[in-house]
Amino acid sequence: MRKAMSVILAAAMAASLAACGGTSTTSTTAESTTAADSSVAEGTSAAESTDTAADGDKTGTFKIGAIGPITGSAAVYGTAVMDGAELAVNEINAAGGINGYQVEYQFQDDENDVEKSINAYNTLKDWGMQMLVGTTTSNPCISVAAESAVDNLFQITPSGSAVECVENPNVFRVCFSDPDQGAASAQYIGEHQLASKIAIIYDSSSVYSSGIMEKFVSEAANQNLEIVANEAFTAETNTDFTTQLQKAKDGGAELIFLPIYYTEASLILNQANQMGLDVDFFGCDGMDGILQVENFDTSLAEGLMLLTPFVADATDELTQSFVSSYEAAYGSTPIQFAADAYDAVYAIKAAAEDAGLTPDMSVSDLCEGLKTSMTKITINGLTGDNMTWNEAGEPVKAPKAMKIENGAYTAME
């Protein structure tokens, strides 16, 4: 567990990038900043911004804050977001910044707690935050989004998937919403004929899990998938899943859909193994991180499938460069949440360059510029090719799936 709870990155960071994995900057940045070049926006273009930056030294810096859990049960998610965003900021600063201005970055831990997330938001405001990457998890994101709406401060969440996360016009997201994940999962299972009889185990106390489940059930009917069991648990009953697994077995389930987080999923896989239950398992983005669960026999996750937009072993140049830089900087292979955060920072860069923003503008004016430009830009990111955003703050990109094989994530067709 990383002990640092905040990181400040200023212009001097560019000089130290070689020591923290910035050696692949050129190819990675070139791919992710395609948005500024391919944007159909009117106004200041990336090229014009770059030319302006060459006119002389720029004073002032953009301040990007981020929030998520780096302690507690969801720490895998928050740590990935913290590091993915930091890596993007490092690269951007090394390449000349945003519109010629360097970026400062600070991350605050919220322990996946609503009250602590609001406190983290206020801490970042006191620091001078101008735009926010976060929060990482849905419930804190919803509460912080209400605060940022009052301040008209631009917010892009890498992974807050609840519908309510982007209800305010100042908030966008990189990941799919819960309903979109549910529908896409059912479509993927049906179109690829992975199974016909499906059991579901979900957390009824979680907005994330319930939202995915409801849309999955609705779409399953369109895919000729039979739901043979739909079993709930809560945050108070999330350790013993033998009853739910037995009902899946009695119903003849060929596949169990798990729209839940990796901690509970690891227990389910272990208990299914003890019961001798031989079925396939399919999850969503909350499953990403299961290979990092402490004291979990990762061989039990062999064959597990999950809908996620990022696969670390993909062969495209952008992914390979990102993974190489990330592993060099942080000593671990990045998961989807790191890729989401990385894309979020590059989306801010592309939108800020499209709008011609400068650090001396008010938080509200920066927000208005970013809101307008987010619906114009297109970026080729780690989590989607030709990714765009609509006015509702939702990303438009194709869903992807991966499978755990030989202890590693592998892309599925």
Side-chain angles (χ1 to χ4, degrees), residues 74 76-77 80-81 84 136-138 158-161 174-195 198-203 206 208-209 211-213 215-216 219-220 223 225 241 248 253-270 272-273 279-293 296-314 319 323 333-340 382-384 395 397-413:
V76 168
Y77 301 143
V81 166
T136 299
T137 49
S138 287
S159 47
S161 56
V174 175
C175 68
F176 286 121
S177 70
D178 295 338
D180 286 346
Q181 289 195 60
S185 295
Q187 290 165 6
Y188 192 93
I189 291 169
E191 291 171 1
H192 290 80
Q193 299 181 345
L194 300 180
I198 314 294
I200 304 170
I201 300 177
Y202 74 101
D203 182 355
S206 165
Y208 166 81
S209 188
I212 295 176
M213 179 278 295
K215 193 64 176 181
F216 181 90
E219 181 58 30
Q223 300 296 325
L225 302 177
F241 301 95
E254 302 162 337
L255 180 149
I256 298 179
F257 180 55
L258 301 174
I260 58 179
Y261 294 128
Y262 60 83
T263 304
E264 290 86 358
S266 67
L267 297 175
I268 289 174
L269 292 176
N270 184 57
N273 178 64
V279 296
D280 292 326
F281 291 90
F282 193 105
C284 296
D285 61 0
M287 189 73 70
D288 202 356
I290 194 167
L291 295 180
Q292 286 77 43
V293 174
F296 173 61
D297 180 1
T298 56
S299 68
L300 299 178
E302 194 71 10
L304 171 68
M305 297 169 281
L306 58 154
L307 192 78
T308 180
F310 171 76
V311 182
D313 69 348
T319 299
V323 171
T333 300
I335 62 174
Q336 175 219 317
F337 288 76
D340 284 336
L382 293 164
T383 65
K397 56 185 177 181
K400 300 177 183 178
M402 74 163 95
K403 187 175 185 178
I404 296 178
E405 295 181 336
N406 300 318
Y409 298 113
T410 304
M412 297 175 65
E413 292 295 331

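F281 is linked by a ring-ring contact (aromatic ring centres under 6.0 Å, His included) to nothing, counting only residues two or more places apart in sequence or in another chain. Not a single side-chain hydrogen bond (donor to acceptor under 3.5 Å, both in side chains) links S266 to another residue, sequence neighbours left out. Taking S185 as the reference, nothing meets the side-chain hydrogen bond (donor to acceptor under 3.5 Å, both in side chains) condition, with sequence neighbours excluded. In this structure Y409 satisfies the side-chain hydrogen bond (donor to acceptor under 3.5 Å, both in side chains) test together with D288, sequence neighbours excluded. Looking at residues two or more places apart in sequence or on another chain, you find no side-chain hydrogen bond (donor to acceptor under 3.5 Å, both in side chains) involving T263. Under the rule for a ring-ring contact (aromatic ring centres under 6.0 Å, His included), the partners of Y261 that lie at least two apart in sequence or sit in another chain are Y77, Y208.
Atom CD of Q193 has 12 or fewer neighbouring heavy atoms from other residues, nucleotides or ligands inside a 6.0 Å radius.
Across every non-hydrogen atom of M287 and A265, the tightest pair is SD-CB, 3.3 Å. Contact record, A248 with I256: CB-CD1, 3.9 Å, taken as the closest heavy-atom pair. P179 approaches K215 most closely through the heavy-atom pair O-CG, 3.0 Å. The minimum heavy-atom distance between A411 and V311, with the atom names listed, is N-CG1, 3.5 Å. Residues V174 and P158 approach most closely at CB-O, 3.7 Å, considering heavy atoms. Shortest non-hydrogen contact noted between L307 and P399 is CD1-CB, 4.2 Å.
One finds the CD atom of E219 at 11.0 Å from the CG atom of D180 (value rounded to the nearest 0.5 Å). In this structure, CZ on F241 lies 5.5 Å from CG on L267, to the nearest 0.5 angstrom. Atom CZ of F296 and atom CG of L291 lie 7.5 Å apart (nearest 0.5 Å). Atom OG in S299 sits 11.5 Å away from atom CG in N406 (nearest 0.5 Å). Once rounded to the nearest 0.5 Å, the distance linking CD of Q292 with OH of Y262 reads 8.5 Å. Summarising the geometry, atom CG belonging to L255 is positioned 5.0 Å from atom CD1 belonging to I189; distances are rounded to the nearest 0.5 Å.
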Stepwise side chain to side chain contact (heavy atoms under 4.5 Å, CB included) check, M305 with I404: CA-CA 7 Å; M305 297 169 281; I404 296 178; over 6 Å; no

Candidate pair D297 and N273, rule side chain to side chain contact (heavy atoms under 4.5 Å, CB included), full reasoning: CA-CA 11 Å; D297 180 1; N273 178 64; over 6 Å; no

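Checking I200, L225, D280, I201 one by one against F257, the side chain to side chain contact (heavy atoms under 4.5 Å, CB included) holds for a single residue, I200. For the side chain to side chain contact (heavy atoms under 4.5 Å, CB included) with D313, the qualifying choice from T319, T333, T410, V323 is T410, the only one to do so. If you run side chain to side chain donor-acceptor pair (under 3.5 Å) between T383 and each of K397, Q336, K400, only K397 comes through. The only option from L306, L258, L194 that meets the side chain to side chain contact (heavy atoms under 4.5 Å, CB included) definition with F282 turns out to be L194.
Counting heavy atoms from C-beta outward, C284 and F176 have side chains that stay 4.5 Å or more apart. Side-chain contact between F337 and T136: present, with at least one pair of heavy atoms (C-beta onward) separated by less than 4.5 Å.
A distance-only check finds a donor-acceptor pair linking the side chain of S209 to the backbone of P259 [under 3.5 Å].
In the model, D178 has a side-chain atom that pairs as donor or acceptor with a side-chain atom of S161 under 3.5 Å.
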